[in-house]
Amino acid sequence: MFIEQLSIFLENRPGKLKGIADALKEKNINIISLGLSDTTDYGIARMIVSDSARAKQVLLEKGYTAVLTPVLVVELQQEVGALSQILDTLSTKGLNLEYMYALVTGKEGGAMVVKTSDQARTYQTLKDAGMKMFSEEELNELKK
C-alpha cells in the first residue's frame with residue numbers, strides 16, 4: 001500500500017520549481033500533490049505524481065537530482081480532530097513523524113502523505129486502527 005513519492009533537490013532560485021513543473025507537463029505527468037521545503041540555498045520538492053518512475057527519469061535527464069521514496073497516503077476525514085487522531089495513533093506506538101503534507105482527494109475528502117521512522121510499522125499501526133490508506137491506482141483515479 002506504499003506510494004512512490006518523487007523527491008527533487010533543487011536550488012532555491014527563481015524559476016527552478018517551474019522548470020520541474022514544465023518538464024513533467026511536457027510528458028503529460030500529473031502532479032497530484034506537492035510539498036515544498038527550503039533553506040537559504042536549496043529546497044526539496046516532494047511530489048505524488050501520476051507516473052513516478054517516468055517522472056524520475058524525465059527529471060534525471062533534465063539534470064535534476066531525483067529519488068523515489070515509499071510513503072503512505074492516509075485518508076483524512078473532514079471533521080474536527082481527524083489529524084489529531086492520526087498523530088495520536090502514531091505517537092502512542094513510538095513512531096516518529098519525519099514529515100507530512102496534505103493531498104486533496106475530492107470535494108469532501110482529503111489525505112495526508114506520511115513518512116515516519118518505520119514505514120512498515122506505520123502501515124500496520126494505521127491499518128490496525130481502521131484507517132484507510134490509498135493505493136497508487138486509487139490516487140490516479142482522482143484526476144479523472
Side-chain angles (χ1 to χ4, degrees), residues 1-25 27 29-60 62 64-144:
M1 196 55 81
F2 294 102
I3 307 294
E4 290 292 331
Q5 171 192 265
L6 179 65
S7 297
I8 308 105
F9 301 91
L10 61 156
E11 288 180 276
N12 191 358
R13 303 284 178 262
K16 292 298 182 177
L17 185 58
K18 182 182 181 329
I20 291 168
D22 287 347
L24 297 177
K25 177 184 170 186
K27 298 299 181 179
I29 298 170
N30 186 38
I31 299 171
I32 298 168
S33 184
L34 167 69
L36 184 64
S37 59
D38 71 339
T39 65
T40 303
D41 297 323
Y42 71 93
I44 301 172
R46 294 181 173 107
M47 299 180 180
I48 304 297
V49 297
S50 58
D51 187 339
S52 55
R54 194 162 137 244
K56 177 184 173 186
Q57 188 59 40
V58 165
L59 294 174
L60 289 174
K62 296 272 188 184
Y64 292 97
T65 301
V67 297
L68 296 176
T69 305
V71 294
L72 294 166
V73 178
V74 185
E75 183 177 49
L76 183 65
Q77 298 295 322
Q78 296 302 306
E79 59 192 40
V80 173
L83 178 59
S84 186
Q85 181 183 9
I86 293 170
L87 297 173
D88 184 54
T89 300
L90 298 177
S91 67
T92 58
K93 295 293 184 177
L95 291 158
N96 184 41
L97 183 64
E98 294 178 2
Y99 58 82
M100 70 184 333
Y101 55 95
L103 185 151
V104 176
T105 58
K107 290 181 185 177
E108 298 178 19
M112 296 304 289
V113 178
V114 174
K115 173 73 170 73
T116 68
S117 55
D118 186 336
Q119 289 291 80
R121 264 187 62 222
T122 299
Y123 170 76
Q124 194 60 53
T125 297
L126 294 173
K127 183 179 173 187
D128 291 348
M131 295 185 189
K132 176 183 173 33
M133 286 162 280
F134 288 90
S135 68
E136 199 158 330
E137 294 77 27
E138 289 171 316
L139 290 179
N140 281 324
E141 287 295 315
L142 297 177
K143 68 179 184 172
K144 295 180 180 178

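If you're wondering where the values come from, they're calculated on a predicted model, not measured in any experiment. When reading the values below, keep in mind they use all heavy atoms of this one structure, side chains included, and skip hydrogens, waters and symmetry mates.
At distances below 3.5 Å, at least one donor-acceptor pair connects side-chain atoms of Arg121 with backbone N or O atoms of Lys93. Ser33 contributes a side-chain N or O that, together with a main-chain N or O of Ala102, makes up a donor-acceptor pair within less than 3.5 Å. A donor-acceptor contact shorter than 3.5 Å links the side chain of Gln119 to the backbone of Val114.
Residues Asp41 and Arg13 form a side-chain contact, since some pair of their non-hydrogen atoms from C-beta on lies under 4.5 Å apart. The shortest side-chain heavy-atom distance between Phe9 and Ile44 falls under the 4.5 Å cut-off. Between Lys16 and Ile20, every side-chain heavy-atom pair lies at or beyond the 4.5 Å cut-off. Using a 4.5 Å heavy-atom cutoff, the side chains of Met100 and Leu83 are in contact. Contact check for Leu126 versus Leu90: side-chain heavy atoms found under the 4.5 Å cut-off. Ser52 places none of its side-chain heavy atoms less than 4.5 Å from the side chain of Gln5. Looking only at side-chain heavy atoms (C-beta outward), Thr116 and Leu72 stay at 4.5 Å or farther from each other. Taking 4.5 Å as the limit, every side-chain heavy atom of Val73 sits out of range of all side-chain heavy atoms of Thr105.
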Practice item. Output, in order, the C-alpha distance, side-chain angles, deciding distance and verdict of side-chain contact (heavy atoms from CB on, under 4.5 Å) for Val113 and Ile3. Key: CA-CA 9 Å; Val113 178; Ile3 307 294; over 6 Å; no
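Atom OG1 in Thr89 sits 3.5 Å away from atom CE in Met131 (nearest 0.5 Å). The line from CD1 of Ile29 to CG of Leu6 is 8.5 Å long, rounded to the nearest 0.5 Å. For the atom pair CG (Leu97) and CG (Leu87), the distance works out to 6.5 Å, reported to the nearest 0.5 Å. Once rounded to the nearest 0.5 Å, the distance linking OG of Ser117 with CG of Asn96 reads 5.0 Å. Distance check, rounded to the nearest 0.5 Å: CG of Leu76 to CE of Met112 gives 6.5 Å. The distance from atom CD of Glu98 to atom CG of Asp118, rounded to the nearest 0.5 Å, is 10.0 Å.
Both tests hold for Arg46 against Tyr99: distance to the six-membered ring centre under 6.0 Å, angle to the ring axis within 45°.
Closest non-hydrogen pair, Phe2 versus Pro70, comes out as CB-CB, 4.0 Å. Nearest heavy-atom pair, Ala23 versus Val58, reported as atom, atom and distance to 0.1 Å: O-CG1, 3.8 Å. Shown here for Val49 and Ala55, the closest heavy-atom pair between the two residues is CG2-CB, 3.9 Å. Closest heavy-atom contact between Leu10 and Leu17: CD1-N, 3.7 Å. For the residue pair Leu68 and Ala53, the shortest heavy atom distance occurs at CD1-CA, 4.2 Å.
Only one option out of Thr65, Leu60, Leu59 pairs with Ile8 in a side chain to side chain contact (heavy atoms under 4.5 Å, CB included); it is Leu59.
Pairs engaging residues 127-136 under the side-chain hydrogen bond (donor to acceptor under 3.5 Å, both in side chains) rule: Gln124-Asp128, Lys132-Glu138, Ser135-Glu137, Ser135-Glu138 [sequence neighbours left out].
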